[in-house]
Amino acid sequence: MLDALAESLFLILQLKTFMLMMLGMGLGFSVGLLPGIGGGATMALMMPFIFHMTPVEAFAFLLGMHSVVATTGDITSVLFGVPGEGACAATVLDGHPMAKRGQAGRALGAALMSSLVGALIGAAVLAVSIPVVRPLVLSFGSPELFMVTMMGIACITSLSGLGARGQLRGFSMGLFGLLLSTIGTERQSGMLRFDMGLMYLWEGLDLVPFMVGIFAVPEIVNLAVRGTAIAGERPNERLRSGVLEGIKDTFRHFWLVVRCSAIGVLVGILPGAGGGVAQWMAYAHAVQSATDATDRERFGKGDVRGVLGPGACNNSKEGGDLIPTVAFGVPGSGATAILLGAFIIMGLTPGPDMLTKHLSVTYSMVWTLVIANIITVALCLMTLNHLARLTYVRGGLIIPFVLLLIFLGSYTANKSIADLLVTAGCGLFGYFMMRFGWPRAPLVLGFVLGKLAETYLFISIARYGFEWLARPMVIVLFLLTLFVIALPYLQDRRKRRRRSTHAD
Amino acid sequence: MKRLLVIGMLVALATLTIGAGPASAQAPFYQGKTMTIAVGGGGAIDVSARIIANHLGKYIPGKPGIIVQTMPGGAHLLATNHAFSVAKPDGLTLLALNSAVGIAQLMKVEAVRFDLRKFGWLGSTGGDGVVVAIRTDLPYKTFDEFRKSGKELVAGTTGPGSNAHDIPLLLSEFAGAKFRLVSGYPANSDILLALERKEVDIWTATATSVKLAVDRGSVRAIVRNRVPYPGFEYLPVDEDLATGALGKTIMGVRSAPSAIGRAFAVTPGTPVDRVKMLQEAFAQAMKDPELLAEAAKAKVPFDYLSPETVAKNIAALVDQPPEIQKEMVKYIRFGK
């Protein structure tokens, strides 16, 4: 195994391969900064070029681009509140409020450094877990996968406000998200639901226009209403030290970063779950790390921990995502689905062969993730100061550009006018949610998890009747879910008890 | 999905830069133009379209550039509708057909806005048989052994309309096999994964996909449809296993899409001489050694079918007497 690891490092470091990786990264840079235009779109565009490459070269080229996108996507999330990628939406929750408070540099530093740590952990886990990965993935049947989605939904308790009112609002939004996910072709019977006679809705609402509408449009409207720069009238922070502060934050909360990276890898490994889910679980975990209710209330208003969690997670999940793709041919996300096409063109079959006969190709992917991330973060850190200054530019100058990018990005989802309507509609809805204090994260979480939950619940019952409820893993996951739900209440009680002891 | 815009911009750029020079009166129509191949989704059809796009241009006078445009939506109906009526009949837009849309036309699905019989067919890169496979650790070596055992097996499917669903369904209805269908897996690879963790027992897919799994030792092939595939010729054909005439007919019609295979077409109304020229170019491209090497590497077996063969197979699918159509609707639904 060590031989293969070393061999593949040399394969990557060959001049041609390395140059191709750099080229891919260059493309990734330009795309990652555009909201909505994700790695999947670019990867599809790059496919024609790989016909004449060797597998190692092709994957260096494609993954080099891909790993940059997850990192740079965080940048627009922080600066404009516009998720640069579907998987970067959770960074908006605390990253953008930090930018509004004039701490854009610190938020960016934290996002990038945690991304790097996350990517390294993800790659390390990928490398180490290769011998045991098949039995691990195979131990998760449909019932277990259903319980994982339930655990994801349970995170809503942490994503909504405290108290009965906040929780009620969070759960109603989560349920509404579940309802929205039922639009389109039902997988089991092929029936169309809520399609309103539109072919556009056959495959359901697309995540990109939906998410960009919910998160980005309200921020832009808000910026226009305020009529100031993003950072308001605040004094210019000393940007260089801001970035440095963010880097320090990563190490101040190092264990949080490690735990969130682990969440990213684990959720990434599960076939079908993907980055859309992992980021929210990581964010929820960051919120759970709050020591008490007052500490918890800082989240959503610009707490650096809310940036570190999803930042680390959405890069570590890249390593995790590759596992089901490489070992089973089951893509973990949109981009890895396209990566599968590259496997076919290269004449490689995802499956056990990738872990034995073509192990060096698999390891070369791990190395690409590592090297590309280090280079990206180094380059980004040099330019961050200039980027952070954008938050001091008058809103009127920023809004037209960002709006254009938002709608362009949404339009790439299906190249349909309907994409723009969905973005505008969701934007309006999102604005009122923000205005009246309804949490947006549970809505998106419900939407992302809905289809998965339905699929696996149906299969579990169709296959096992109700026997699946007695499977040991299902019971363990059920107890974990209960714990996730109860955590905020436990924290609340602990705080009260502490207060009463103080009073004595 | 999101690639479309970027592709669109590239097309615009390509047409601007390449098409800028004034074409002289004698210049071939395709000189300096860019052709588009519309395809409804990924998989073997997408890969074929990309391989064709790499080589077809060489054989067309004027050597146009060719790009592949993915148009997801409506289980390939959107792309087919687009090529039928939205695209201009100028021979610049090709359709990489997913022949399953023929079933949609036969079932009179509302969203169908095309008639496959009217497309200008260029040929096909080959039919692809459909094969039923079971887990290797099960005691049944053949379909007959299983049928005689009277036991029930669980078939994983991606939903009605898919090979994974329809073929076991028809075998249960008309050939005395006991298959319990568990539908809803997102894709074929998810069924294969479920097969490995013993959640399901049987899986039906194109011969190309099943061959890969058989070579890996994860499944054993037991039944095929009428379209033969190298290495699977020995398997019993589903139609021969049917116990009655109706079942045999329905299975025959259900096999028609795999006989058509990965066919390419131009919009109806394209000038006849241009269609003829494209047909010749397609036939020549299919002999190109580089194209065949790319196809072999991608493990998508290319086997040229002439435009006449494609048209004949399309008719065999779509032209059904009303009574057969009525019976089919009971068992087969269009889906992805």
Side-chain angles (χ1 to χ4, degrees), chain A residues 31 36-38 40-45 47-48 51 134 137-142 185-190 197 199-200 202-203 206 208 271-272 324 328-331 334 337-338 340-341 344-347 349-353 408-409 411-416 451 454-456 458-459 462-463, chain B residues 1-8 10 42-44 46-47 50-51 53-54 67-68 70-75 77-78 81 110-111 154 156 158-161 165 180-187 189-190 192-194 196-197 199-200 212-213 215-216 218 294 296-300 333-336:
Chain A
V31 174
I37 304 183
T42 331
M43 206 180 269
L45 195 70
M47 291 294 261
F51 276 90
R134 285 183 60 85
V137 173
L138 286 175
S139 66
F140 275 76
S142 294
T185 313
E186 195 240 4
R187 274 182 183 154
Q188 286 76 38
S189 66
M199 213 190 282
Y200 175 77
W202 278 26
E203 271 155 44
D206 197 284
V208 172
F328 297 97
V330 179
I338 292 164
L340 273 182
I344 301 180
I345 292 173
M346 292 290 119
T349 314
D353 277 358
L408 264 182
Y411 187 67
T412 55
N414 296 295
K415 215 181 121 195
S416 160
K451 201 141 220 163
E454 188 188 1
T455 300
Y456 290 127
F458 185 94
I459 293 176
R463 173 67 182 85
Chain B
M1 285 191 282
K2 288 174 278 179
R3 75 191 90 153
L4 290 174
L5 170 85
V6 195
I7 291 174
L10 271 193
D46 181 70
V47 173
R50 286 177 192 281
I51 294 175
N54 285 350
I67 58 154
V68 176
T70 315
M71 278 185 194
L77 292 183
L78 190 70
N81 283 344
E110 211 182 320
V154 176
T158 48
H165 195 91
R180 181 151 64 94
L181 302 182
V182 170
S183 65
Y185 287 97
S189 46
D190 296 275
L192 256 176
L193 180 56
E196 281 198 60
R197 61 186 184 228
E199 201 167 283
V200 301
L212 294 174
D215 290 348
R216 238 178 15 225
S218 35
E294 278 176 19
K297 194 172 162 196
K299 299 196 182 84
V300 180
R333 298 241 329 261
F334 173 68
K336 59 173 170 174

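Below, read A as the first sequence line, B as the second, and so on, with proteins coming before strands; counting in each chain starts at 1.
Here the CG atom belonging to B:Leu193 is positioned 12.0 Å from the CZ atom belonging to A:Phe140, to the nearest 0.5 angstrom. Residue A:Arg134 holds its CZ atom at 12.0 Å from CZ of B:Arg197, rounded to the nearest 0.5 Å. A distance of 10.0 Å separates CG in A:Asp353 from CG in B:Leu212, rounded to the nearest 0.5 Å. To the nearest 0.5 Å, atoms CE (A:Met47) and OG1 (B:Thr70) are separated by 9.5 Å. Distance NE2/B:His165 to OG/A:Ser189: 9.0 Å, rounded to 0.5 Å. Between atom NZ of residue B:Lys297 and atom CD1 of residue A:Ile345 there is a gap of 9.0 Å, rounded to the nearest 0.5 Å.
For the pair B:Asn54 and A:Phe51, the minimum side-chain heavy-atom distance is below 4.5 Å. The shortest distance between side-chain heavy atoms of A:Phe458 and B:Val182 does not fall below 4.5 Å. Put simply, the side chain of B:Leu77 reaches to within 4.5 Å of the side chain of A:Trp202, judged on heavy atoms.
If you measure heavy-atom distances from B:Glu294 to chain A, the contacts under 4.5 Å come from the side chain alone. Proximity to chain A (any heavy atom under 4.5 Å) is shown, for B:Ala111, by both the backbone and the side chain.
Contact record, A:Leu138 with B:Glu196: CD2-CB, 3.7 Å, taken as the closest heavy-atom pair.
Of the listed residues A:Ser416, A:Ser142, A:Pro350, the one with more heavy-atom pairs under 4.5 angstrom with chain B than any other is A:Ser142.
With hydrogens and angles disregarded, no donor-acceptor distance shorter than 3.5 Å links the side chain of A:Arg187 to the backbone of B:Ser183. Between the side chain of B:Lys299 and the backbone N or O of A:Ile344 there is no donor-acceptor pair closer than 3.5 Å.
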Please step through side chain to side chain contact (heavy atoms under 4.5 Å, CB included) for the pair A:Ile459 and B:Tyr185, ending with a clear verdict.
CA-CA 8 Å; A:Ile459 293 176; B:Tyr185 287 97; 3.3 Å; yes
